[in-house]
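Each ligand, and each atom within it, is numbered from 1 in the order the structure gives. Quick note: numbers below take in every heavy atom, side chains included, and nothing from hydrogens, waters or symmetry partners.
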Amino acid sequence: MNLSEIRHFLSERAAAFLQREKHGLLIDGEWVPAASGATFDTRNPATEEVIAKIAAAGPEDVDRAVHAARKAFDDGPWSRLRPVERQRLILRLADLMEDHAQALAEIESVDNGKSAGIARAVDMAMTVDFLRYMAGWATKIEGVTLEHSVPYALKADFVTYTRREAVGVVGAIVPWNFPLMVAVWKLGPALAAGCTVVLKPAEQTPLTALYFGELVAEAGFPPGVVNIVTGDGPGAGAPLAHHRGIDKISFTGSTEVGKLIGHASVENMTRFTLELGGKSPVIVLDDCDVEAAAAGAANAIFFNHGQVCCAGSRLYVHKKMFDRVVGEIGKIADGMKLGNGFDASAQMGPVVSQEQLDRVCSYIEIGRAAGAEVVAGGGRQPGQGYFVRPTVLSKVSQDARVVQEEIFGPVLTAMPYDSIEEVAAWANDSPYGLGASIWSNNLSKVHRLIPKIKAGTVWVNCHSALDPSMPFGGYKQSGIGRDLGRSALDAYLETKSVFIAV
Ligand code: NAI
Ligand code: MG
């Protein structure tokens with residue numbers, strides 16, 4: 001392990017965890033190596049150094065994990081726990097995560113590249129809040145009783161009601177941009193509903209899930225309730241998605257892999273929810289203050305280095321103020337300092353991997369070739385680490401690839417528009433529909449625009465705000481189903497109708 005530049009910033013807990021050179025899989029309450037003995041490396045994106053060796057699960061390991069989850073669901077003590085006991089365990093886990101939030105944030109920073117301060121204030125804070133929110137649902141799962149109208153058997157009477165029941169064993173496959181937060185978006189409702197879980201973290205960022213696995217045991221969850229199989233997509237993700245022993249799969253990641261998971265799920269009639277890519281528009285109306293719009297738009301794209309599924313990656317500004325707003329964003333971008341997650345003076349970190357670095361830079365070149373004006377940034381920051389300069393591409397045409405395809409990095413496209421009708425049409429001219437933001441204080445225009453936008457979330461004078469109780473998910477190719485809120489819980493429950501002739 002090599003943590004040359006950041007060792008002295010680490011808390012004792014994070015340093016002790018990162019000291020370990022090898023990490024196993026969590027199956028049935030035991031930490032074990034992969035059956036094949038295979039491992040893979042995880043790197044610090046700020047330094048490109050290997051920080052740990054991680055067990056690479058294959059089909060055999062996934063099968064054992066699914067069986068452990070199956071056993072814990074079908075016969076284990078877990079399914080016999082009263083809702084209030086599930087609630088108490090989830091709350092205990094949230095307390096432990098809060099206590100370990102600093103270490104978790106530091107480990108997330110080392111593995112993903114994001115700022116440790118932001119990981120603490122955003123990722124970990126939201127994760128803990130969300131677990132507590134979901135813990136509350138464990139004791140509030142309810143069916144309905146109804147007056148029946150059964151037309152035959154007139155002399156009989158019926159008692160009719162519905163029960164909500166845990167869907168069963170859940171496969172959760174998560175990405176690397178908010179590694180632990182998104183994992184808990186799946187685990188929270190699954191555990192509240194009474195399900196058991198096999199979690200497959202992203203191969204770029206497995207570490208916080210493994211630390212979390214230890215807290216799950218410490219909180220007192222029975223073995224097999226939460227299993228963690230690290231590995232890549234084809235090796236560990238695909239066998240999980242195709243496994244007949246799972247009842248539901250919850251996925252966050254690319255639309256391409258989401259479709260593969262959807263196909264695999266339909267084959268077995270596994271329930272599935274998919275939270276996928278986006279190309280979210282930021283719409284600045286003509287009454288908006290130039291500086292407020294520029295600051296808001298810059299944050300909408302550059303937060304988490306643009307690696308946010310709902311990042312505001314397409315900016316549309318009214319033509320009368322386009323040059324001023326884009327000029328201001330250019331200045332903000334040029335002024336941003338890039339640095340590792342422990343550099344408190346840095347405003348942005350590296351992208352997650354060499355692959356993402358290449359991908360994002362190639363999109364910048366595609367934009368240039370399509371005639372975009374590069375207002376700021378324009379490629380890699382020379383030196384060590386996967387750093388991309390915050391980039392603004394201006395006056396690109398609506399059908400350009402950089403406007404239509406998800407880049408998933410700190411790259412903004414900016415275009416002027418003339419009328420509300422035009423901007424609404426452009427905002428919706430995308431295969432995606434995850435989020436959108438509108439910047440204006442003109443109530444009437446804002447309220448007319450909100451229903452026109454085909455997106456799972458619309459923000460006004462803010463972007464990417466999330467709350468445990470507010471459903472989050474996409475229209476169109478941005479996915480199926482919702483994370484967060486009551487809607488998330490529903491995705492982990494079946495409905496059983498009961499008729500009793502009396
Ligand atoms: P990905 O969709 O391949 O990875 C997400 C998760 O799916 C990871 O855990 C991965 O191991 C797993 N996976 C990959 N192939 C699989 C398969 N065949 N079966 C089952 N699981 C599989 O995303 P990737 O390659 O890391 O990033 C590529 C692009 O995807 C990004 O540039 C971005 O556009 C998009 N993306 C979107 C995310 C979002 O939050 N909506 C998150 C991550 C990536
Ligand atoms: Mg990593």
Side-chain angles (χ1 to χ4, degrees), residues 40 42 45 54 56-59 62 111-112 114 123 171-183 185-186 198-206 208-209 228-243 246 249-265 267 270 272-280 303-311 313 351-363 386 388 401-402 404-411 430-435 456-457 464 466 472-474 476-481 483-484:
F40 64 97
T42 188
I54 312 290
V62 169
D111 209 10
N112 163 283
K114 64 174 70 195
D123 299 47
I173 300 180
V174 298
W176 42 260
N177 53 341
F178 293 91
L180 189 57
M181 188 179 93
V182 174
W185 283 12
K186 318 296 190 193
V198 177
L199 169 68
K200 210 289 288 166
E203 59 273 32
Q204 296 84 352
T205 55
T208 46
I228 303 176
V229 287
T230 44
D232 66 10
L240 181 58
H242 286 271
H243 204 291
I246 59 168
I249 192 131
S250 183
F251 174 75
T252 297
S254 62
T255 296
E256 187 191 349
V257 173
K259 287 179 184 178
L260 294 176
I261 286 175
H263 283 295
S265 302
E267 201 54 46
T270 305
F272 64 99
T273 44
L274 306 171
E275 201 263 279
L276 308 176
K279 193 75 186 176
S280 300
F303 174 63
N304 213 44
H305 335 154
Q307 303 168 127
V308 180
C309 46
C310 56
S313 49
V351 299
V352 76
S353 62
Q354 180 74 49
E355 192 184 348
Q356 286 305 110
L357 175 72
D358 295 342
R359 192 185 153 98
V360 173
C361 290
S362 84
Y363 268 112
Y386 311 127
V388 179
R401 281 185 61 194
V402 287
Q404 290 294 328
E405 297 174 19
E406 181 174 55
I407 299 176
F408 223 67
V411 182
S430 165
Y432 298 111
L434 195 53
T457 301
S464 294
L466 295 172
F472 181 75
K476 301 194 275 183
Q477 302 223 4
S478 290
I480 293 181
D483 281 316
L484 304 182

Tyr386/Gln356 under side chain to side chain donor-acceptor pair (under 3.5 Å): CA gap, chis, key distance, verdict: CA-CA 8 Å; Tyr386 311 127; Gln356 286 305 110; over 6 Å; no
Distance-only donor-acceptor check, side chains Thr42 and Asp111, under 3.5 Å: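 Looking only at side-chain atoms, Asp111 and Thr42 do form a donor-acceptor pair, the distance falling under 3.5 Å.
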Flag for Lys186-Thr252: side-chain donor and acceptor within less than 3.5 Å: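 Their side chains do contain a donor-acceptor pair, which is all the 3.5 Å distance test asks for.
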Stepwise side chain to side chain contact (heavy atoms under 4.5 Å, CB included) test for Phe472 and Thr457: CA-CA 7 Å; Phe472 181 75; Thr457 301; 3.9 Å; yes
Identify every side-chain donor-acceptor pair in residues 253-262 under 3.5 Å, counting partners at least two apart or on other chains, and give the distances.
from	atom 1	to	atom 2	distance (Å)
Ser254	OG	Val257	N	3.3
Thr255	OG1	Gly277	N	3.4
Thr255	OG1	Gln477	O	3.1
Lys259	NZ	Gln477	OE1	2.9

Check against ring-ring contact (aromatic ring centres under 6.0 Å, His included), Trp185 and Phe178: CA-CA 10 Å; Trp185 283 12; Phe178 293 91; 8.0 Å; no
Tabulated below should be the N or O atoms of ligand 1 paired with protein N or O atoms at under 3.5 Å; can you produce that?
from	atom 1	to	atom 2	distance (Å)
ligand 1	2 (O)	Ser254	N	2.8
ligand 1	2 (O)	Ser254	OG	2.6
ligand 1	9 (O)	Val174	O	2.8
ligand 1	9 (O)	Lys200	NZ	3.0
ligand 1	11 (O)	Lys200	NZ	2.6
ligand 1	11 (O)	Glu203	OE1	2.6
ligand 1	11 (O)	Gly233	N	3.3
ligand 1	19 (N)	Ala238	N	3.4
ligand 1	26 (O)	Trp176	NE1	2.6
ligand 1	32 (O)	Gln356	NE2	3.0
ligand 1	32 (O)	Arg359	NE	2.8
ligand 1	32 (O)	Arg359	NH2	3.4
ligand 1	34 (O)	Glu406	OE1	2.7
ligand 1	40 (O)	Asn177	ND2	3.3
ligand 1	41 (N)	Gly253	O	3.3
ligand 1	41 (N)	Leu276	O	3.0

